[in-house]
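The chain is numbered in sequence order, starting from 1. Whatever order the structure lists them in is the order used to number ligands and atoms, beginning at 1. All values below come from the heavy atoms of this structure, side chains included, with hydrogens, waters and symmetry mates left out.
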Amino acid sequence: NLTTSTNPLRHVESMKHPQSVAGGNISKLNAVTLGEAPASEENALVLPNKEFSSKAHVQSPEQYLEMYKRSIEDPAGFWSDIASEFYWKQKWSDKVCDENFDVRKGRIKIEWFKGGITNICYNCLDRNIEAGLGDKVAILWEGNEPGMDGTLTYNQLLHQVCQVANYLKDIGVKKGDAVIIYLPMLMELPITMLACARIGAVHSVVFAGFSAESLAQRIIDCKPKVVITCNAVKRGPKTINLKDIVDTAIYQSAQNGVSIDVCLTYDNPVAMKREDTKWQEGRDIWWQDVIPRYPTTCPVEWVDAEDPLFLLYTSGSTGKPKGVLHTTGGYMVYTATTFKYAFDYKPSDVYWCTADCGWITGHSYVTYGPMLNGATVLVFEGVPNYPDPGRSWDIVDKYKVTIFYTAPTLVRSLMRDGDENVTRYSRKSLRVLGSVGEPINPSAWRWFFNVVGDSTCPISDTWWQTETGGFMITPLPGAWPQKPGSATLPFFGVQPIIVNEKGVELEGECSGYLCIKKSWPGAFRTLYGDHERYETTYFKPFPGYYFSGDGCRRDKDGYHWLTGRVDDVINVSGHRIGTAEVESALVSHPQCAEAAVVGIEHEVKGQGIYAFVTLVDGVPYSEELRKSLILAVRNQIGAFAAPYKIHWAPGLPKTRSGKIMRRILRKIASRQLDELGDTSTLADPSVVKQLIELADC
Ligand code: WTA
């Protein structure tokens with residue numbers, strides 16, 4: 001029998017007799033609840049369709065429980081059975097998992113399948129080709145403009161990956177070297193990732209919406225051998241000159257002592273002519289001039305399961321972005337398995353994830369997870385509302401997409417555009433929907449379910465993070481009833497726990513800080529070059545556990561309701577942005593003396609960035625200054641991090657020791673003025689009144 005703490009479905013029996021129980025108290029946490037309060041939704045069960053369940057990988061709560069139980073009681077056995085389905089040049093040592101998850105016992109260490117020798121590119125491509133999938137379509141590519149498309153079979157993909165791998169080797173990229181990839185959603189993006197993996201190089205993809213400053217910061221941190229980009233891209237009606245951004249970043253990096261010898265540039269004639277591209281002879285190389293000349297086969301660099309696969313920078317609550325490091329073996333096994341179960345993947349599926357490969361979702365669930373399963377993956381270069389708000393469904397119908405995985409922000413924006421943009425398309429092919437990036441509010445969930453999925457497709461609301469590598473809390477379609485807005489129950493091997501401020505694990509129905517007990521194969525192993533920060537950020541807040549940074553409520557049925565970040569990270573349209581980063585961009589403006597940034601509820605984006613700004617003495621407020629402050633953020637981080645509101649602040653509410661009281665700023669920003677709480681501890685309580693008066697300036 002499962003003990004109470006390891007049985008995630010322990011309350012499920014009580015679902016038959018739903019009673020109304022008051023929700024927990026989350027007021028102490030800086031939690032965000034979107035739209036409707038989930039407490040009112042906990043009895044809303046959406047039952048799985050019998051026919052779907054009968055064909056699903058996991059068909060019932062009992063089957064899930066049995067598998068879950070084994071994954072917790074015998075993680076080594078559970079995960080090595082799955083790992084054995086992959087190709088290993090040499091099997092791992094007897095110790096499947098070696099971990100220290102408790103800072104009090106020393107250095108945090110997570111190792112899975114150590115001693116096992118493998119290669120993830122080989123497992124994505126060669127292994128599937130040997131199993132007969134060579135002629136199966138690996139990538140369906142849809143360009144920004146309707147009508148522009150292309151495909152690659154697994155054979156063709158392997159050839160292209162090998163050409164890039166051979167080129168990289170030729171310019172001296174070796175196992176363990178970093179490669180920065182700054183590409184839009186062209187097929188060349190996953191191709192380059194796989195090519196790096198093939199030769200054991202560590203890729204670091206930078207989302208091609210980040211500014212030159214952000215790119216430079218990442219180049220300086222990981223010192224890549226080469227930067228790979230393209231001259232320009234069209235995103236919707238706009239043309240973005242990526243090469244200019246890269247040139248600036250490389251220049252800034254050189255000023256900081258990191259020089260880049262090679263900038264491999266894909267020529268994207270749809271967006272820019274070759275001759276219009278600024279060029280530095282000797283450093284810049286056209287992709288098309290070199291890559292096709294290389295052989296289409298390339299031997300694999302066999303690596304240890306614990307050798308690094310990639311670095312991906314993500315925002316934290318303080319300081320510079322952190323280089324999240326993932327290794328090879330555990331990540332491979334974990335992304336493949338989560339993909340298979342959470343989407344109930346079948347070989348006949350056509351899978352589309354709208355995320356960009358510049359984010360973790362594009363790593364785990366555009367590239368590695370699906371390709372390890374030999375799936376057909378749609379890669380879309382454009383934006384969902386160009387040329388019109390029906391584009392997504394046009395694409396779904398064109399390719400007969402069966403699994404559609406997106407972010408709540410997209411769902412909410414399409415919902416606002418009106419049902420007819422959806423219903424004029426057939427969408428008959430769809431069978432599973434997915435959501436990621438932020439809590440999906442119940443009304444958006446219902447619209448997604450009823451309108452997009454015609455009330456027939458289960459929704460996998462997958463909770464996870466850059467750090468976790470893969471899904472942590474997610475429905476398994478067909479296995480158990482869903483509740484609109486809940487990410488439901490943990491994936492195999494994952495033990496989510498909810499603790500209070502003191503780190504005490506709460507039982508049963510509760511709310512608090514979401515932590516994880518014990519490691520899982522896909523967990524990140526360190527922050528690049530800063531293991532101490534890794535321990536401080538994630539393992540010291542609640543010793544013995546991994547702290548996610550999210551708030552969570554568990555209802556009487558054991559279902560999880562994510563309530564948003566409890567730290568100073570803002571989630572705008574599913575993109576993580578650190579308040580500290582935005583503040584540092586604002587104060588870099590010569591006329592800005594101080595800035596404090598908070599996230600507030602936004603109808604479509606989930607959260608919006610709201611900035612309180614104090615100007616240098618004597619500088620008057622002006623519309624022009626407002627624009628140039630926003631521009632400072634766009635330039636330093638990227639357009640997606642631009643504050644939507646600048647609130648002039650002659651002074652900021654601070655404690656006598658000088659700490660900014662963000663709690664009060666959040667209330668002012670969301671105009672919840674009757675909930676300001678105690679302001680008497682402020683060094684100067686009159687600033688609050690001033691701020692309220694200036695709210696609509
Ligand atoms: C949030 C994205 C609620 C959460 C995969 C987390 C979610 C952060 C969900 C990680 C979800 C992601 N429900 N919140 N289904 N998925 N989040 O690293 O706050 O870009 O901590 O990874 O997004 O963002 P990241």
Side-chain angles (χ1 to χ4, degrees), residues 29-35 38 205 207 209-210 311-317 321-324 326 334-335 338-339 342-343 353-366 368-369 405-412 433-442 444-445 448 459-475 482-491 494 496 513-516 522-524 527 537-538 546-553 559-578 599 605-607 640-641:
L29 307 179
N30 158 22
V32 182
T33 31
L34 282 162
V205 183
F207 171 59
F210 273 111
L311 268 181
L312 183 60
Y313 288 85
T314 189
S315 293
S317 47
K322 311 173 277 197
V324 167
H326 282 284
Y334 199 69
T335 52
T338 45
F339 175 79
F343 295 130
C353 163
T354 63
D356 191 289
C357 286
W359 309 107
I360 190 68
T361 308
H363 283 63
S364 303
Y365 301 108
V366 173
Y368 294 113
Y405 184 37
T406 193
T409 184
L410 179 84
V411 175
R412 288 192 295 265
L433 303 173
S435 170
V436 62
E438 46 170 325
I440 179 162
N441 43 311
W445 195 102
F448 199 26
I459 298 180
S460 287
D461 172 12
T462 60
W463 175 81
W464 61 297
Q465 309 177 293
T466 305
E467 293 86 342
T468 69
F471 305 150
M472 299 295 280
I473 302 182
T474 175
Q482 304 197 306
K483 298 188 186 190
S486 167
T488 73
L489 301 163
F491 192 71
V494 175
Y513 299 93
L514 179 60
C515 292
I516 312 289
F524 67 141
L527 291 179
T537 314
Y538 302 101
Y546 163 78
F547 172 46
S548 67
D550 278 322
C552 182
R553 195 173 88 78
Y559 280 47
H560 295 79
W561 300 82
L562 278 301
T563 54
R565 300 289 304 195
V566 291
D567 54 8
D568 290 318
V569 170
I570 305 180
N571 192 328
V572 181
S573 302
H575 299 154
R576 266 167 81 166
I577 299 163
K605 297 179 171 186
Q607 279 189 293
F640 63 91

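Residues that satisfy the side-chain hydrogen bond (donor to acceptor under 3.5 Å, both in side chains) test with Asp550, not counting sequence neighbours, are Trp463. Listed by chain and residue number, Glu581 satisfy the side-chain hydrogen bond (donor to acceptor under 3.5 Å, both in side chains) test with Ser315 (two or more places apart in sequence, or in another chain). In this view, Ser364 and Tyr331 satisfy the side-chain hydrogen bond (donor to acceptor under 3.5 Å, both in side chains) rule, not counting sequence neighbours.
Judged purely by distance below 3.5 Å, without hydrogens or angles, the side chains of Thr462 and Tyr405 pair a donor atom with an acceptor atom. Using modelled atom types and a 3.5 Å distance limit, the side chains of Tyr546 and Thr468 yield no donor-acceptor pair.
With hydrogens and angles disregarded, no donor-acceptor distance shorter than 3.5 Å links the side chain of His575 to the backbone of Asn571.
Each of Ile360, Thr361, Val436, Gly437, Glu438, Pro439, Asp461, Thr462, Trp463, Trp464, Gln465, Thr466, Asp550, Leu562, Arg565, Asn571, Arg576 has a non-hydrogen atom positioned under 4.0 Å from some atom of ligand 1.
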